[in-house]
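Taking it in order: structure first as structure tokens, then the write-up.
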Number of protein chains: 2
Amino acid sequence: MYPFLRQYLNSITSSVISDEEFQHIEEAFAPKIMKKRQFLLHEGTICRYMAFIVKGAMRQYAIDEKGNEHVVRFGVEGWWMSDRESLRMSKPTKYNIEALEDCDLLIATNEQLNGVKEKSPLFFKMAHILDERHSTAAQHRIEASMNYTAEEKLKDLIENYPGFLQRFPQNMLASYLGISPETFSRVRKNI
Amino acid sequence: MYPFLRQYLNSITSSVISDEEFQHIEEAFAPKIMKKRQFLLHEGTICRYMAFIVKGAMRQYAIDEKGNEHVVRFGVEGWWMSDRESLRMSKPTKYNIEALEDCDLLIATNEQLNGVKEKSPLFFKMAHILDERHSTAAQHRIEASMNYTAEEKLKDLIENYPGFLQRFPQNMLASYLGISPETFSRVRKNI
DNA sequence: ACCTTCACTTGATATAGATCAAGTGAATTT
DNA sequence: AAATTCACTTGATCTATATCAAGTGAAGGT
């Protein structure tokens, strides 16, 4: 569990964290195992944890008034899952986070998270870098969803996240891209 | 110029900044006046400044392969304009930032920005809060652009940014929402 | 081993919104 | 003041993609 997080942290920050500093991180994060189909977060509740995926895959989705699911994001090894707004502000979330495979997670509460950020400069740096990445990824997604055709969206997905196509069901990928499963299937043939 | 930034900072952080602390901010930011149609940032160049709008309005847009403009965001009094990725990483931007009205700005380079963040805890806090807001706004925009009809997009714009409708030309607003100017015009009649 | 569900495909039809095109009035330029 | 450009509207078509519907094979449950 922890060695993977450690290596991840080193890689993101281009540094080598000391044993002492990493100790703080180990103390803050607790391991959690989730079975496929279990939920880390339910709509209407308050998000309590930031989760780092050591093994497995998850998805975050919302349900609209008509009962349709909208996949907001996927997570695999080395990704973080949470509703940060709900976590930070302690307000009810509109999202569900579900394990799509059996998962090994490392989880921390908001308080623990703030604690590590204070105690570990490298963890703090990592958080910043992730914020930046998250923000540019969001910008890209906005532009893709507005300007790309269905085919371009799929190509973009394959390019940016190869592996997703084999790992996740097409109806979920279609939802993530904002196209219908049928269009997804048809467009897929032409590639 | 500066008093507006000061008041803005107090309001965002729910605090009252001291004269000494605000001094650091004044030192970091330089006033800049821009005439309508002038550019703060050109595609292909490296973004040098983070700009705070004291007066006026701007837009940030990209141009695709077909030569079509895509408005990414607008800015008015109390908003920040920049391409943060380009600013932070010193990499060429794909965006243009143009003054849509005569503007009064306060600008700082990346180094100056980092300097103030170190020297002023409140400024640092503000930056964090803005990051959070930016991130939830981006999430909302993704969901809106994927799931909303043209009419819902317009209603959402009116609700979230009243004033934009009077202040910006419809073709730019349409581009921002990812719909055609004609659809914008038609949908507008029905509200 | 059988039944049921589910993921995906394929075809037919419907539709929101894009594109094309023409016209109007206001604003800007000469 | 005339000419030109520009922002917007309105109408007519076109098109990408959604929706509806039926079928297939594989996977999972009993």
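FYI, side chains are in, hydrogens and waters are out, and symmetry mates aren't considered; it's all heavy atoms of this structure. To find a chain, count down the sequence lines: A is the first, B the second, and so on, and within it residues start at 1.
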- Message: Check whether A/Phe74 forms a cation-pi arrangement with A/Arg59 (NZ or CZ under 6.0 Å from the six-membered ring centre, at most 45° off the ring normal).
- Response: no
- Task: Taking only heavy atoms on the protein side, list every residue of residues 149-156 of chain A lying under 4.0 Å from any atom of DNA chain D, sorted numerically.
- Result: A/Thr149, A/Ala150
- Residues touching DNA chain C, which here means a heavy atom under 4.0 Å, drawn from residues 165-177 of chain A: A/Pro169, A/Gln170, A/Asn171
- Task: Please say whether more than 12 non-hydrogen atoms of neighbouring residues, nucleotides or ligands are located less than 6.0 Å from CD in A/Glu118.
- Result: no
- Note on the structure: Contacted region of DNA chain C by chain A, from 5' end to 3' end of the hits, cut-off under 4.0 Å to heavy atoms, spans C/dC8 to C/dA12
- Query: Excluding sequence neighbours, so at least two apart, what forms side chain to side chain contact (heavy atoms under 4.5 Å, CB included) with B/Lys119?
  - Reply: B/His24
In a table with atom names and distances, give each donor-acceptor pair under 3.5 Å that connects a side chain of residues 183-191 of chain B to protein atoms at least two apart or in another chain.
| residue | atom | partner | partner atom | Å |
| --- | --- | --- | --- | --- |
| B/Thr183 | OG1 | B/Ser180 | OG | 3.1 |
| B/Arg188 | NE | B/Gln170 | OE1 | 3.0 |

- Hey, which of B/Tyr2, B/Tyr8, B/Phe123, B/Trp79 is the one that makes ring-ring contact (aromatic ring centres under 6.0 Å, His included) with B/Phe52? B/Tyr8
- Query: Are B/Arg73 and B/Met81 close enough that some pair of their side-chain heavy atoms sits under 4.5 Å apart?
  - Reply: yes
- Separation of D/dA16 C1' from A/Met146 CE (nearest whole Å): 18 Å
- Message: What is the distance, to the nearest angstrom, from the CD atom on B/Glu182 to the P atom on D/dC14?
- Response: 16 Å
- Message: Among residues at least two apart in sequence or on other chains, which ones pass side chain to side chain donor-acceptor pair (under 3.5 Å) with B/Glu26?
- Response: none
Please list every donor-acceptor pair under 3.5 Å in which a side-chain atom of residues 141-148 of chain B meets a protein atom from a residue at least two apart or in another chain.
| residue | atom | partner | partner atom | Å |
| --- | --- | --- | --- | --- |
| B/Arg141 | NH1 | B/Val72 | O | 2.9 |
| B/Arg141 | NH2 | B/Tyr176 | O | 2.7 |
| B/Glu143 | OE1 | A/Lys94 | NZ | 3.2 |
| B/Glu143 | OE2 | A/Tyr95 | OH | 2.7 |
| B/Glu143 | OE2 | B/Gln139 | NE2 | 2.9 |
| B/Ser145 | OG | A/Ser145 | OG | 2.4 |
| B/Ser145 | OG | B/Ile142 | O | 3.3 |
| B/Asn147 | ND2 | A/His70 | ND1 | 3.0 |

- For B/His134 and A/His134, what are the C-alpha separation, side-chain angles and deciding distance, and is it a ring pair (Phe, Tyr, Trp, His ring centres under 6.0 Å)? CA-CA 11 Å; B/His134 190 264; A/His134 191 264; 10.0 Å; no
- Describe, as an angle rounded to 10 degrees, how the axis at the first end of the helix from C/dA1-D/dT30 to C/dT30-D/dA1 is tilted relative to the axis at the last end, five pairs per end. 50°
- Task: Please determine if A/Lys55 and A/Glu77 form a salt bridge, counting it only when a charged side-chain N lies under 4.0 Å from a carboxylate O.
- Result: no
- Any residue meeting side chain to side chain contact (heavy atoms under 4.5 Å, CB included) with B/Pro169, in chain and number order, not counting sequence neighbours: B/Asn171, B/Met172
Return all side-chain donor-acceptor pairs below 3.5 angstrom for residues 29-46 of chain B, not counting sequence neighbours, or 'none' if the list is empty.
| residue | atom | partner | partner atom | Å |
| --- | --- | --- | --- | --- |
| B/Arg37 | NH1 | B/Glu98 | OE2 | 3.4 |
| B/Gln38 | OE1 | B/Lys35 | N | 2.8 |
| B/Thr45 | OG1 | B/His42 | O | 2.5 |

- Tell me, which of residues 183-191 of chain A have any heavy atom that sits under 4.0 Å from an atom in DNA chain C? A/Ser185, A/Arg186, A/Arg188, A/Lys189
Just distance, no hydrogens or angles: give the donor-acceptor pairs under 3.5 Å from side chains in residues 157-166 of chain A, sequence neighbours left out.
| residue | atom | partner | partner atom | Å |
| --- | --- | --- | --- | --- |
| A/Asn160 | ND2 | A/Asp156 | O | 3.0 |
| A/Asn160 | ND2 | A/Asp156 | OD1 | 2.9 |
| A/Asn160 | ND2 | A/Asp156 | OD2 | 3.3 |

- Message: With a 4.0 Å cut-off on N to O distance, would you call B/Glu85 and B/Lys91 a salt bridge?
- Response: yes
- Task: Without swapping roles, check the side chain of A/Ser82 against the backbone of A/Tyr49 for a donor-acceptor pair under 3.5 Å.
- Result: yes
